[in-house]
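Only one structure is covered here, and it is reproduced in the block below.
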Amino acid sequence: MPATALNDRMLRSLPPNTDTPDLLMPGLVARKRDRGLTFWLVAMRNGRRHKQRLGAWPALSLADARTAVRVRMGAIEQGHVTTPAGTFGEGLDQYLTHLEATARDPGQVKWLLDRFARPTLGSVPLARLHRRDLQAVVDAVAGGRAKVEGAPMSKGGSPATAARVAAMLSAAINWLHQRGHIETHPCPGGLDRPAANGPRERILTDAEIKAVWAACEGREPAGRVLRVLLLTGCRREEVNGLTQGEVERDSDASPVALLLPAERTKAGRAHRVPLSPLAADLIAQAPHTGDVLFPGRHASIPFKGWSRAVEDIQRLSKTEGWTPHDLRRTCASGLARLGVRPDIIDRVLNHAPPRLRRVYDRHDYSAEMRDALVKWADHVSGVVS
């Protein structure tokens, strides 16, 4: 449609599938589609075409849209606006630059998208980017078909990693669309995020244990907690929430066991976990100033930044697809591989023995549990040395 002096009454009566330039603010275009009306900046400056979605009317008023165009055009004239991206790779570069200044943890987004999305989509023109292209990246990660530096994923599919990739890809595409790099949003409803179905089976190989152990070095407190989880088979929150009173010590004040109260265990049973010398050293050397052994930002509150911490350690160790709970499974499987009896492994994990055994067998098995965990710690020590 020809340029006209836009007003609210006219905006309400615009026919669908039309683009109407504003006569009073050159560069402002009212775009009417079946889903509603949006304001866009469309202008040529310095030999380049600039196009940006400003917002939907009436949430964004006509007056505010004109102000936004005036500000944006001033920025364009001063050279403060980036060149419109042509390919997904170029758009991703601009998005990551934006995150560097605004996001709390841009490194994780950059690592995952550079690892899984850029190799496949980097050269695809944004104008030809389809939902199927984006979903194919997510599905490849979930199914283990994604290539990492030209090689297959190390441990098959990872629905959890695929879900994070889907969320990050959706956020990147939303940002590119909002800023006019993409005219038609390829996935306005987001991408399908695969769910992990059935029980997990992930355990770490010895090579992965070595890599993860090395990556944990100096990463307090998360790295220390993860090492303790691997050595004891405890659940994450059981170790992460430890206080001074939950550590049994000998006459030299050296840790000898963890004393988990019933209210802090999943089974609702108090649990005494004997410590191997390696695990005892980790507990003894934990850098803390208060009652909580593994504090976060505040000395009285346990560490909370687990998602970021685990992703950091996976990135540094070049491993993927495991969670802190998988270290518990790795410990149990390692004990079995070393010949530890299944009933002792159940005791280590605080699993309830059969009812009749609970009634008639009143032995606490502390010595057997300690022997098993020392044997496992010796194996881990040999792997990581």
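- Salt-bridge annotation for Arg132 and Asp139: absent, with no side-chain N of the basic residue lying under 4.0 Å from a carboxylate O of the acidic one.
- Remark: His298 NE2 is loosely packed, at most 12 non-hydrogen atoms of other residues, nucleotides or ligands lying under 6.0 Å away.
- Between Phe303 and Trp306, the ring planes lie perpendicular to each other; the angle is over 60°, past the 30° to 60° tilted range.
- One finds the CD atom of Glu237 at 8.5 Å from the CZ atom of Arg264 (value rounded to the nearest 0.5 Å).
- Taking 4.0 Å as the cut-off between side-chain N and carboxylate O, Arg272 and Glu246 do not count as a salt-bridged pair.
- A side chain to side chain contact (heavy atoms under 4.5 Å, CB included) with Val256 holds for exactly one of Arg370, Arg249, Glu248; it is Glu248.
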Report task. Start with the C-alpha distance between Arg66 and Leu6, add both sets of side-chain angles, then the distance that settles side-chain contact (heavy atoms from CB on, under 4.5 Å), and finish with yes or no. Result -> CA-CA 10 Å; Arg66 285 171 172 158; Leu6 295 176; 4.0 Å; yes
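- Judged by distance alone, the side chains of Asp64 and Thr67 never bring a donor and an acceptor atom under 3.5 Å apart.
- Remark: side-chain polar atoms of Gln178 are not paired, donor with acceptor, to backbone N or O of Trp175 under 3.5 angstrom.
- Ion pair Arg227/Glu217 flagged as a salt bridge, since at least one NZ, NE, NH1 or NH2 atom sits closer than 4.0 Å to an Asp/Glu carboxylate oxygen.
- The main-chain N or O of Trp322 is found under 3.5 Å from a side-chain atom of Gln314 such that the two form a donor-acceptor pair.
- Arg347 and Glu368 are not joined by a salt bridge, as no carboxylate oxygen comes within less than 4.0 angstrom of a charged side-chain nitrogen.
- Under a 4.0 Å N-O distance rule, the pair Glu238/Lys266 does not qualify as a salt bridge.
- Using a 4.0 Å cut-off between charged side-chain N and carboxylate O, Arg341 and Asp346 make no salt bridge.
- Here the side chains of Arg328 and Cys331 are not in contact, with every heavy-atom distance at 4.5 Å or above.
- A salt bridge between Arg33 and Asp19 is present, with a side-chain N of the basic residue lying under 4.0 Å from a carboxylate O of the acidic one.
- Using a 4.0 Å cut-off between charged nitrogen and carboxylate oxygen, Arg329 and Glu201 do not count as a salt-bridge pair.
- Looking at Arg12 and Trp57, their side chains come closer than 4.5 Å, going by heavy atoms from C-beta outward.
- A salt bridge links Arg315 to Asp312: at least one charged side-chain nitrogen sits closer than 4.0 Å to a carboxylate oxygen.
- A salt bridge is defined here as a Lys NZ or Arg NE, NH1 or NH2 lying under 4.0 Å from an Asp or Glu carboxylate O, and Asp206 with Arg337 meets this definition.
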